[in-house]
Amino acid sequence: MNFQTVLDDIAEALAPEAGREGEVARYIPALARVDARRFGIALRTREGEEAAAGDGRTPFSIQSISKLFTLTLAMRHLPEAALWERIGREPSGNPFNSLVQLESEHGKPRNPFINAGAIAVADRIVSLYGGDAKGSLAGFMSHLAGEPVDFDREVAASEASTGFRNVALANFMKSFGKLDHDVGAVLDLYFHQCALSMSCLQLARAAGYLCRDGVHPFDVGENVVTERQARRINALMLTCGTYDAAGDFAFRIGLPCKSGVGGGIVAVVPDRLTLAVWSPALDATGNSLLGMKALEMFAARTGLSVF
Ligand code: GLN
């Protein structure tokens, strides 16, 4: 299959629609300035073949896609029990920043891909690296992407000054004894992970272990996670990776996906390839409208699906 042609066709077909519908995330001021007409798409196969189209090489704010990588980092270094005693594995059926379930479920987030769950994962990462947590995460991302990856400091500052809900979620969990570390230190990591700046191609590369049974995307003779862990991360992406739209994603696209309010979505075709799309205009659930459409087109055109 000529993937470059497939991506070129998708980019060409969707270009006229870019920015027409949906809204860029306005609740984070630095994201509100992003041009809604950007559209990028890129993939990397298990064997290392790459293709990119549109703005596929332009960095953007990966936002909640980072939750995939912090979970991976935590799974890589922590015993399973230490992680899953604090975080569930069920779809929430609620918006990504919802507070409601946390109270009735005594501060234990439903899954690692909603904000509360990712904040709990960030707490675990602070346990692992202490004051060097941000640097360790940036190092891990660069190691996966095969080139330097850094935070957009302006986006991180913008999140920190407006992230009132995340502050509430973290304090709420802390009140239930579910965070070990200082709320400020945990949120500093969380706001920075959301502000990682990467292109679709870098994301497709970095997530490559998920289509290679956990093996590092660049054959550096290392497993990022075990085969079993890679399978489990894919399962969590399919059931929880796109918040309260996860059912619709599974129905329409049929691939494990993780989205972010920067307009990016990473998708995995297990044993075949990883794919990333970027279009900043979002639907009401905080998922990229055109990104979802692009993935739907890709699955239809290639016949690639987990089902
Ligand atoms: N930084 C965003 C937030 O915490 C991430 C949310 C997202 O991408 N869904 O609200």
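Counting starts at 1 for both ligands and their atoms, following the listed order. Because only heavy atoms are used, hydrogens play no part in the values below, and waters and symmetry mates are left out as well, while side chains stay in.
- Of all the listed residues (Phe191, Tyr243, Tyr27, Phe113), Tyr27 holds the heavy atom that lies closest to atom 3 (C) of ligand 1.
- Here Glu159 has side-chain heavy atoms under 4.0 Å from ligand 1, and that is the only part of it that gets that close.
- At least one heavy atom of Asn166 sits closer than 4.0 Å to an atom of ligand 1.
- Residue-to-ligand polar distances place Tyr190 within reach of ligand 1: an N/O pair is separated by less than 3.5 Å.
- The atoms of ligand 1 that sit less than 4.0 Å from any heavy atom of Gly260 are 8 (O).
- Cation-pi geometry between Arg89 and Trp84 is met: the NZ or CZ atom falls under 6.0 Å from the ring centre, inside 45° of the normal.
- Figure legend: Arg76 and Phe140 shown without cation-pi pairing, the cationic atom not lying both under 6.0 angstrom from the six-membered ring centre and within 45 degrees of its axis.
- In this structure, Lys258 satisfies the cation-pi test against Phe113, with its NZ or CZ atom closer than 6.0 Å to the six-membered ring centre and inside 45 degrees of the ring normal.
- Closest non-hydrogen pair, Ala120 versus Leu179, comes out as CA-CD2, 4.0 Å.
- From the protein, the heavy atom lying nearest to atom 2 (C) of ligand 1 is Gln63 OE1, 3.1 Å.
- For atom 8 (O) of ligand 1, the closest heavy atom belonging to the protein is Ser64 OG, 2.6 Å.
- Here's the thing with Val261: one of its N/O atoms is less than 3.5 angstrom from an N/O atom of ligand 1.
- For ligand 1, the polar-atom distance check finds no N/O of Lys67 at less than 3.5 Å from any of the ligand's N/O atoms.
- A distance of 10.5 Å separates CZ in Phe172 from NE2 in His106, rounded to the nearest 0.5 Å.
- For the side chain to side chain contact (heavy atoms under 4.5 Å, CB included) with Phe298, the qualifying choice from Val277, Leu273, Ile253, Asp9 is Leu273, the only one to do so.
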